[in-house]
Amino acid sequence: MLDIKVLRERPEAAKAGAVKKHMPDRVEAVDKALALDAELREMTPKLDAMRSEQKAGGKQIGKMSPEEREAFLQKQKQLKAQLQGLEEQERQLRSQLLEQLSLVPNIPDDEVPAGKDDAENEEVRRVGEVREFAFEPRPHYEIGEAQGWLDFSRAAEMSGSRNYILFGDLALLHDAVLRYAVELLVDRGFTPVDPPVLVRDAAMFGTGFFPGGEEQTYRCEKDGLNLIGTSEVPVTSLHSGEILGEKDLPKKYVARSACFRREAGTYGKDTRGLYRVHQFQKVEQVIVDVADKATSLDHHHSIVQNAEDMLQAFGLPYRVVNVCGGDLGAPQAMKYDIETWMPSRQSYGETHSASRFYDYQARRLNLRYRPEKGKPIFCHTLNNTVAASPRILIPLIENHQNADGTVTLPEALRRFFGGREVIGKPVF
RNA sequence: GGAGAGGUGCCAGAGUGGCUGAAUGGCCCGGUUUCGAAAACCGGUUAGUGCGCAAGUGCUACGGGGGUUCGAAUCCCCCCCUCUCCGCCA
């Protein structure tokens, strides 16, 4: 959520932000919020004065003679009736204001490129050589099924489309990657977290997924709980409502959790293989930071670097893109995606997503810290994927496949396999 | 799932209709004292928001939301959370 002061001072910037994000329906929320705000600001002093009068009157009443009191009570009752009406109005205005204000997207930074969708994301850098195969490389699902590592048909039978079952060495690889990711971040001073995967609406709202992301979310209506699509939700919400000490910041967390996404509206998109699935495991890095833009930028780059270091350790070619306005979510101010080379797609596919929010989430979460001197202020928040699996298994299998269908493990992962260098049997 | 207890400021903990934005103690900050320190003593110390150059001052908030009342931390209703006992269970 933006500070209402930002809307008052720079309404055009807020509207331009919504336009840049290709959210035309949210542009009007700016004007609506401002109108409600103006109405509230006009009525508040009047209300305050009335309440003040009523309170003062109430205090005198005990000292009055019975006759005086009778007349006075009549007056107070009138005042009260007026007040009740106005207070009801005030309540409505406040909740409407909150509703509109929470629809206003975060303002994208100037460095965010213009564009409609991911096709217009801007490449920042490319790292690693794309391998030239001496044979025709196979897609991961062909290798996986031939090896007995992957079963989509039984998964579909049990759980519907976009589900999968991992077996054997691929199940081990899945776990190895996640463990590697956690260990890497713990080494770098991040606190490991195993968070809830079921959360209340408040956490979804606070991190900016609601309103807007309801269709993407599995919901347990009976309990009013939502299955998280990323542990960003519970981990960023961890200190919601708190006032942290400045010396406790930044808080750096690395969480591993299951993630669930309905993938509504993606019928026919990425239907084969492990790319787009309803359930996956993800290791996520989250930083709760001081409210300083330079620090935010700095930490943003460092969490991108963490992910890059892992990809390099896995010997995977990738590129970093600066996500364009239209591909940015409402809460983000700027986002880098990392896309890893996937031979079966003949392209780089998104494997990581690193966002910075400034205080947009913190404001919704009421997440503050007390600076050395002065009033509490809203924190900045940041997050990035470290590893999302099984998606990351696609480049791992496909880039490191051999002609006979076996897969050579990158050095960094061999320790999880008792030193083995290759997984799978010759199947082709 | 059943029964009960409770949620007050940074922390502990009073407060059961007006004099309480909130006793008392602790933490922290400033000062007095001291060669210095500790102790002691004095003072300050919740957040949000409006007005004001400022000093200051109005309003709101005692888990959240409604209600009763001239007046609510205190009474009523709904929700959330914590704890105890019983039952069930990974």
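Here is the naming used below: chain letters follow the sequence lines, and residue numbers restart at 1 for every chain.
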Next on the checklist: From the set B:G58, B:G67, B:A47, return the single nucleotide nearest to any side-chain atom of A:Arg370.
Outcome noted: B:A47
Checklist entry - Between A:Arg219 and A:Glu221, is there a salt bridge with N-O shorter than 4.0 Å? => result yes
Item to check | P atoms of B:C83 and B:C78, separation to the nearest Å | outcome: 23 Å
Checklist entry - Is the shortest heavy-atom distance from the side chain of A:Phe209 to the side chain of A:Val233 under 4.5 Å? => result yes
Next on the checklist: Work out how far the P atom of B:G6 is from that of B:A14, and round it to whole angstrom.
Outcome noted: 12 Å
Next on the checklist: With rounding to the closest Å, how many angstrom separate the C1' atoms on B:G65 and B:C70?
Outcome noted: 24 Å
Checklist entry - Closest to the A:Lys80 side chain: B:U69, B:C59, B:G48? => result B:U69
Checklist outcome for this item: Out of B:U60, B:C70, B:G48, minimum distance to the side chain of A:Lys55 belongs to B:U60
Checklist entry - On a whole-Å scale, what distance lies between the P atoms belonging to B:G9 and B:A23? => result 13 Å
Item to check | Any A:Arg91 side-chain N or O less than 4.0 Å from OP1/OP2 of B:G65 | outcome: no
Next on the checklist: Given B:G48, B:C59, B:G71, identify the nucleotide with an atom nearest to the side chain of A:Gln54.
Outcome noted: B:G71
Item to check | Atom-to-atom span, OH of A:Tyr369 to C1' of B:U46 - whole angstrom | outcome: 19 Å
Checklist entry - Taking the side chain of A:Arg8 as its heavy atoms from C-beta onward, which of B:U46, B:G48, B:G50 lies nearest to it? => result B:G50
Next on the checklist: Is the distance from the ring center of A:Phe280 to that of A:Phe260 below 6.0 Å?
Outcome noted: no
Item to check | Whichever of A:Asp48 and A:Ile243 has its nearest RNA chain B nucleotide further upstream toward 5' | outcome: A:Ile243
Item to check | Among B:G50, B:U68, B:C70, the nucleotide that comes nearest once only the side chain of A:Gln84 is considered | outcome: B:U68
Checklist entry - Taking 4.0 angstrom as the limit, do A:Glu246 and A:Arg370 come out as a salt bridge? => result no
Item to check | Distance between P atoms of B:G71 and B:U60 (Å, rounded) | outcome: 12 Å
Item to check | is_close_aromatic(A:Tyr275, A:His140), centroid dist under 6.0 Å | outcome: no
Next on the checklist: Work out how far the C1' atom of B:C27 is from that of B:U46, and round it to whole angstrom.
Outcome noted: 14 Å
Next on the checklist: Just to be sure I understand the rule, does A:Ser52 reach a base, reach only the sugar-phosphate, or reach nothing, if contact means heavy atoms closer than 4.0 Å?
Outcome noted: sugar-phosphate
Item to check | Between B:G15 and B:G63 - P atom distance, rounded Å | outcome: 15 Å
Item to check | Separation of B:U49 C1' from A:Leu40 CG (nearest whole Å) | outcome: 11 Å
Checklist entry - Taking for each residue the nucleotide of RNA chain B with the nearest heavy atom, is it A:Ala49 or A:Arg41 whose nucleotide lies nearer the 5' end? => result A:Arg41
Checklist outcome for this item: Ranking B:U68, B:A47, B:C59 by distance to the side chain of A:Arg51, first place goes to B:C59
Side-chain donor-acceptor pairs under 3.5 Å in residues 92-100 of chain A, sequence neighbours left out?
from    : atom 1 : to      : atom 2 : distance (Å)
A:Gln92 : NE2    : A:Glu88 : OE2    : 3.1
A:Arg94 : NH2    : A:Glu90 : OE2    : 3.0
A:Ser95 : OG     : A:Gln92 : O      : 3.4

Next on the checklist: I want to verify a distance call: between B:G50, B:G66, B:C80, whose nearest atom is closest to the A:Arg200 side chain?
Outcome noted: B:C80
Checklist entry - What interatomic distance, in whole Å, is found between C1' of B:U45 and the corresponding atom of B:G21? => result 14 Å
Checklist entry - How is A:Arg94 classified with respect to the nucleic acid when contacts are heavy atoms under 4.0 Å: base, sugar-phosphate, or nothing? => result nothing
Item to check | B:C59 phosphate, OP1 or OP2, under 4.0 Å from A:Lys46 side-chain N/O | outcome: no
Checklist entry - Where the side chain of A:Lys77 is concerned, which of B:G67, B:C59, B:C70 is the nearest nucleotide? => result B:C70
